[in-house]
Amino acid sequence: MLDLIATRRALHQIPEVGMEEFKTHAFLMEAISGLLQDCSFAQVRTWKTGILVYLTGSAPEKTIGWRADIDGLPIVEETGLDFKSLHPDRMHACGHDFHMTIALGLLEKMAEQQPRNNLLFLFQPAEENLAGGMLMYEAGAFGDWLPDEFYGLHIRPDLKVGQLATNRATLFAGTCEVKIRFIGKGGHAAFPHTANDALVAASYFVTQVQSVVSRNVDPIEGAVVTFGHMKAGTTNNVIAETAFLHGTIRALTQSMNLLVQKRVREVAEGIALSFGVDLEIELNPSGYLPVENHPQLADELMAYFDGVDGVEVIDCPPAMTGEDFGYLLSKVPGVMFWLGVDTPYPLHNPRLNPKEEVLPFAVDKLSDFLKAKVK
């Protein structure tokens with residue numbers, strides 16, 4: 001029987017960034033092999049570091065999909081746990097170690113008896129940085145295993161264990177990564193008139209771009225423009241020749257996301273023109289569409305768990321969180337939901353440490369849900 005706590009802790013120690021999840025892939029393949037050794041109706045395919053496990057139904061009319069993401073983040077862990085990350089500057093700070101462990105637990109339960117309908121488990125790479133779900137779909141990795149319905153979860157720190165939250169429409173925002181480089185002319189700090197300061201141009205851009213949300217976005221609809229990384233210059237008395245900015249755009253509809261992208265580009269171009277600097281701008285929205293739950297399937301999921309002892313279902317508003325599962329849900333109807341893990345630290349925090357008691361709870365309750373879907 002799978003030891004859920006030991007599995008989670010082992011995975012927590014080997015976080016790897018997207019498309020470099022080699023140790024994680026090897027661990028999962030070994031675990032899957034052990035779980036399926038007596039299962040005659042299971043097949044396994046791989047795509048780079050991704051893994052697909054297909055349970056063939058006895059009289060299939062549809063295929064139900066369950067997705068778990070497997071990558072970590074470039075974060076230095078500060079939890080102080082005995083089983084903290086063994087990889088420098090890498091951490092499972094978004095709960096993907098929990099997502100994988102729960103998926104393995106569900107696979108074990110579902111492989112005990114052949115379902116009537118087909119069931120696909122997707123262990124997907126590169127959720128955080130390269131939209132691995134989109135990459136797998138566009139590469140044809142699913143083949144004839146593409147589900148008719150797709151389900152997935154994400155841990156949520158501010159919800160208690162036993163709480164499950166989702167809605168019947170948009171759950172997460174669509175996102176767009178933004179990279180901007182202003183290129184001027186370097187020089188001595190004492191002679192600014194002989195140079196062209198890229199740092200000043202970038203600073204003006206950071207302040208001016210705030211007006212995009214405050215003056216171009218419907219306040220009822222909402223959007224986010226955040227630049228979390230700025231790099232310019234080398235020392236105090238040298239005028240910076242280049243200034244690099246790295247940020248994110250988030251909106252709850254794709255049309256609003258595209259509008260904000262357009263305005264961010266226009267503001268950057270205007271700043272570059274006014275300061276006489278060159279501009280390089282890269283907008284990368286690919287694969288990070290809004291997570292749109294299928295209304296009927298979401299209603300069925302919420303109604304199901306409303307009747308389950310020990311589960312509290314919350315009809316929640318959307319969040320500006322980004323998730324590449326939105327791309328797969330644009331191709332296949334399905335539902336994503338939050339799973340409460342009750343920890344004071346938010347997602348992507350170096351101290352994130354979800355409660356492990358959620359693991360047996362999730363496997364128990366969610367396996368019953370999947371059994372109901374594939375019976």
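FYI, side chains are in, hydrogens and waters are out, and symmetry mates aren't considered; it's all heavy atoms of this structure. For the single chain, residues carry numbers from 1 onward in sequence order.
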Side-chain donor or acceptor of Asn196 paired with backbone N/O of Gly276 under 3.5 Å: yes
Shared hydrophobic cluster for Val277 and Val238 (ILVMFWY, side-chain gaps under 4.5 Å): no
Side-chain donor/acceptor of Asn117 to backbone N/O of Glu61, under 3.5 Å: yes
Asn167 side chain vs Asp315 backbone, donor-acceptor pair below 3.5 Å: no
Nearest-0.5 Å distance, CD of residue Glu16 to CG of residue Asp71: 10.0 Å
Criterion side-chain hydrogen bond (donor to acceptor under 3.5 Å, both in side chains) against Asp97, the qualifying member of Arg9, His12, Gln13: His12
Heavy-atom side-chain contact between His87 and Ile14 under 4.5 Å: yes
Aromatic ring pairing Tyr137/Phe142, orientation class (parallel under 30°, perpendicular over 60°, tilted between): tilted
Validation row: Leu329, His294 side chains within 4.5 angstrom (heavy atoms): no
Asp82 atom CG, over 12 foreign heavy atoms within 6.0 Å: no
Heavy atoms of other groups near Phe83 CZ, more than 12 under 6.0 Å: yes
Pair His92-Glu77, side-chain donor/acceptor within less than 3.5 Å: no
Geometric class of the Phe244/His246 ring pair [parallel <30°, tilted 30-60°, perpendicular >60°]: tilted
Presence of salt bridge, Arg90 and Glu21, under 4.0 angstrom: no
Atom pair CG/CZ of Leu352 and Phe98 - distance to nearest 0.5 Å: 8.0 Å
Test ring pair (Phe, Tyr, Trp, His ring centres under 6.0 Å) applied to Phe325 and Phe172, step by step: CA-CA 10 Å; Phe325 195 48; Phe172 296 159; 9.4 Å; no
Heavy atoms of other groups near Lys365 NZ, more than 12 under 6.0 Å: yes
Residue pair His154 / Leu347, side-chain heavy-atom distance below 4.5 Å: yes
Hydrophobic cluster membership, Phe22 vs Leu52, 4.5 Å side-chain cutoff: no
Side-chain heavy-atom pair Val308, Phe369 within 4.5 angstrom cut-off: no
Connected via hydrophobic side-chain network under 4.5 Å: Leu81 and Ile155: no
side-chain hydrogen bond (donor to acceptor under 3.5 Å, both in side chains), paired with Arg67, selected from Gln124, His99, Glu127: Gln124
CD/Glu221: more than 12 non-hydrogen atoms of other groups inside 6.0 Å: yes
Side-chain heavy atoms of His25 within contact of Ile51, under 4.5 Å: yes
Short side-chain to backbone donor-acceptor contact, Asn293 and Arg168, under 3.5 Å: no
No-hydrogen, no-angle side-chain donor-acceptor test under 3.5 Å, Asn353 and Tyr345: no
Lys371 atom NZ, neighbour heavy-atom count above 12 within 6.0 Å: yes
Inter-residue atom distance Phe205.CZ - Ser274.OG, 0.5 Å rounding: 12.0 Å
Plane angle bin for Tyr204 and Phe275 - parallel if under 30°, tilted between 30 and 60°, otherwise perpendicular: tilted
Non-hydrogen side-chain atoms of Ile239 and Val200 separated by less than 4.5 Å: no
Non-hydrogen side-chain atoms of Phe182 and Leu279 separated by less than 4.5 Å: yes
Whether Tyr54 side chain and Phe41 backbone form a donor-acceptor pair below 3.5 Å: no
Note, Trp66 side chain near Leu107 side chain (heavy atom, < 4.5 Å): no
Same apolar cluster: Val217 and Leu252, side chain cutoff 4.5 Å: no
Ile183 reachable from Met230 in the ILVMFWY side-chain graph, under 4.5 Å edges: no
